[in-house]
There are 2 protein chains.
Amino acid sequence: MDGKGFPPDTAADGDGLERTWLKKLVGYHLRMAHLALYRDFVAAMSDFDLTQKQLAALELIATNPGASQVEIANALSMDRATMMGMVKRLLGRDLIERRASEIDRRRQEIRLSALGEETLNTVHGIIDRHEERFLSVISEHEREELIRLLRRLYERGGGT
Amino acid sequence: MDGKGFPPDTAADGDGLERTWLKKLVGYHLRMAHLALYRDFVAAMSDFDLTQKQLAALELIATNPGASQVEIANALSMDRATMMGMVKRLLGRDLIERRASEIDRRRQEIRLSALGEETLNTVHGIIDRHEERFLSVISEHEREELIRLLRRLYERGGGT
DNA sequence: GCAAAATCGTATGCATTGCATACTAATTGG
DNA sequence: CCAATTAGTATGCAATGCATACGATTTTGC
């Protein structure tokens with residue numbers, strides 16, 4: 001069909017730059033899409049100053065009160081040390097509370113503070129709207145397909 | 001249908017943690033998938049110490065020799081200031097070279113150094129294998145569909 | 001029961017990235 | 001020619017990510 005002169009995906013985007021090889025990489029698109037979504041996320045959360053990761057942590061803590069730092073960290077594929085940094089920040093903002101476990105005194109049980117719960121409740125709606133807006137360029141069916149594919153990429157074999 | 005006791009997606013993953021709400025968010029899966037791929041990328045590149053972003057920058061520079069910092073930055077959705085940091089690091093590692101433009105003396109034209117070209121050549125193969133391996137859990141057709149969906153998310157309307 | 005191994009929290013330090021701000025030099029538009 | 005814009009630069013701050021190391025505690029293996 002169309003015997004036009006220019007190759008299909010060889011030309012650049014809007015900036016006149018060539019990037020044929022990059023465009024073959026799923027990693028490239030994954031990074032760009034995540035970055036775009038993340039920026040929209042941050043903009044939507046500007047009144048609350050929460051990152052994607054912090055929200056995910058708060059949500060996990062809310063749904064699993066009393067979980068330990070390591071459990072939350074593992075669930076989010078985070079390092080113990082990295083988790084510490086986040087916990088400190090969230091503690092400093094009074095969004096969570098911490099208490100040593102009575103059964104296993106190594107563990108620190110984490111749960112939301114009253115402020116944390118209140119914040120999370122408000123934020124839920126904001127995030128839902130942010131997702132709705134950001135994903136409005138693809139259909140409901142495509143969203144499900146996208147989630148399915150993404151999950152397959154990171155929920156690989158895995159176990160022990 | 002099945003009147004079993006437990007809800008379909010309410011149960012947790014492998015860790016016993018509940019995360020129903022999070023799983024509805026495309027942003028959550030996008031972040032997790034990107035993180036997983038990124039880690040695999042870093043592991044694959046351990047001999048070269050290049051990040052995804054650095055590789056993308058090098059590739060763009062290679063394909064568009066003489067491009068300015070701002071052009072590369074824009075193409076990768078990067079900030080001018082952030083780009084500076086990366087340029088400094090790449091210069092420090094002798095992977096790129098810089099020269100003031102003779103037409104527009106504000107511009108710094110960037111191009112790969114000999115070492116940069118050599119590195120990029122070697123790295124291409126490594127990345128191709130990394131992508132092949134990481135994406136082996138989904139079919140060729142699914143990869144294309146995934147790329148298509150991701151692009152739609154970040155190549156939105158956009159213009160001015 | 002006890003010593004060794006594993007686990008959890010903690011602290012430090014380092015690198016990458018992202019963004020805001022501000023300043024200089026150069027170019028472009030009126 | 002002057003004002004606005006653009007490119008590069010420098011600084012500083014925050015969030016991550018990861019490595020390493022140490023103390024306290026619990027669990028295992030014998």
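Computation of the quantities below employed the complete heavy-atom set of this structure, encompassing side-chain atoms and omitting hydrogens, waters and symmetry-equivalent molecules. Each chain gets a letter, A, B and so on, in the order its sequence line appears, and its residues count up from 1. Quantities reported herein were computed from a predicted structural model and do not represent experimental measurements.
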> Over how many whole Å does the gap from A:E109 atom CD to C:dC8 atom P extend?
Replying inline: 13 Å

> With respect to A:Q69, which candidate in A:R107, A:R98, A:Q108 satisfies the side-chain hydrogen bond (donor to acceptor under 3.5 Å, both in side chains) definition?
Replying inline: A:R98

> Does a salt bridge link B:R99 with B:E97, judged by any charged N lying under 4.0 Å from a carboxylate O?
Replying inline: no

> Just how far, in rounded Å, is P of D:dT6 from CD of B:Q108?
Replying inline: 19 Å

> Can you check the B:D79 CG to D:dT9 P distance for me, whole Å?
Replying inline: 14 Å

> Between A:K53 and A:M78, is any pair of side-chain heavy atoms under 4.5 Å apart?
Replying inline: yes

> In whole Å, what is the span from the CE atom of B:M84 to the C1' atom of C:dC23?
Replying inline: 14 Å

>> I need a per-nucleotide contact map over nucleotides 25-30 of chain C, read 5' to 3'. Cutoff is protein heavy atoms under 4.0 Å; write B for the base, S for backbone only, - otherwise.
In response: BBS---

> How many Å lie between CG on A:L50 and C1' on D:dT16, as a whole number?
Replying inline: 15 Å

> Taking CG from B:N74 and C1' from C:dC19, how many angstroms apart are they, rounded to a whole number?
Replying inline: 15 Å

Show me the donor-acceptor pairs, under 3.5 Å and distance only, between side chains in residues 83-95 of chain B and residues at least two apart or in other chains.
from: B:R93; atom 1: NH1; to: B:D49; atom 2: O; distance (Å): 2.9
from: B:R93; atom 1: NH2; to: B:F48; atom 2: O; distance (Å): 2.8
from: B:R93; atom 1: NH2; to: B:D49; atom 2: O; distance (Å): 3.0

> Step by step, would you call B:Y154 with A:V137 a side-chain contact (heavy atoms from CB on, under 4.5 Å)?
Replying inline: CA-CA 10 Å; B:Y154 74 86; A:V137 291; over 6 Å; no

> With a 4.0 Å cut-off on heavy atoms, is B:I110 in touch with a base, just the backbone sugar-phosphate, or nothing at all?
Replying inline: nothing

> Does B:R148 pair with A:E142 as a salt bridge, N-O distance under 4.0 Å?
Replying inline: yes

> Are side-chain heavy atoms of A:R31 and B:L76 found at a separation under 4.5 Å?
Replying inline: yes

>> Considering every strand and a 4.0 Å limit on heavy-atom distances, what is the contact class for A:R31: base, sugar-phosphate, or nothing?
In response: nothing

>> A side-chain contact here means heavy atoms from C-beta on lying under 4.5 Å apart; do B:R19 and A:T63 qualify?
In response: no

> After noting the C-alpha distance and the side-chain angles of B:L22 and B:M32, does the key distance pass the side-chain contact (heavy atoms from CB on, under 4.5 Å) rule?
Replying inline: CA-CA 11 Å; B:L22 279 182; B:M32 295 295 278; over 6 Å; no

> Who passes side-chain hydrogen bond (donor to acceptor under 3.5 Å, both in side chains) against A:E132, sequence neighbours left out?
Replying inline: A:R143

>> Would A:Q52 and A:M45 count as a side-chain contact (heavy atoms from CB on, under 4.5 Å) here? Give the steps.
In response: CA-CA 9 Å; A:Q52 249 189 328; A:M45 299 292 287; over 6 Å; no

> Between atom NE2 in A:H34 and atom P in C:dG18, what is the gap in whole Å?
Replying inline: 11 Å

> Which angle, rounded to 10°, do you find between the first-five-pair axis and the last-five-pair axis of the helix from C:dG1-D:dC30 to C:dG30-D:dC1?
Replying inline: 40°

> If the sugar-phosphate is the primed atoms plus P, OP1 and OP2 and the base is the rest, what is the B/S/- string for nucleotides 12-17 of chain C, using protein heavy atoms under 4.0 Å?
Replying inline: ----SB

>> Applying a 4.0 Å non-hydrogen cut-off, can you work out what B:R39 is touching in the nucleic acid: base, sugar-phosphate, or nothing?
In response: sugar-phosphate

>> What is the distance, to the nearest angstrom, from the CZ atom on A:R107 to the P atom on D:dT26?
In response: 12 Å

>> For A:F134 versus B:L153, what's the shortest heavy-atom pair and its separation?
In response: CZ-O, 3.6 Å

> Minimum heavy-atom separation for A:T51 to A:F41, with atom names?
Replying inline: C-CE2, 3.5 Å

> Hey, can you pull the residues of residues 64-73 of chain A with a non-hydrogen atom under 4.0 angstrom from DNA chain C?
Replying inline: A:S68, A:Q69, A:V70

> Is the distance from OP1 or OP2 of C:dT10 to the nearest side-chain N or O of A:R98 less than 4.0 Å?
Replying inline: yes

>> Checking A:Y28 against B:I147 for the side-chain contact (heavy atoms from CB on, under 4.5 Å) test, could you report, in this order, the C-alpha distance in whole Å, the side-chain angles of both residues, the deciding distance, and whether it holds?
In response: CA-CA 9 Å; A:Y28 172 71; B:I147 288 183; over 6 Å; no

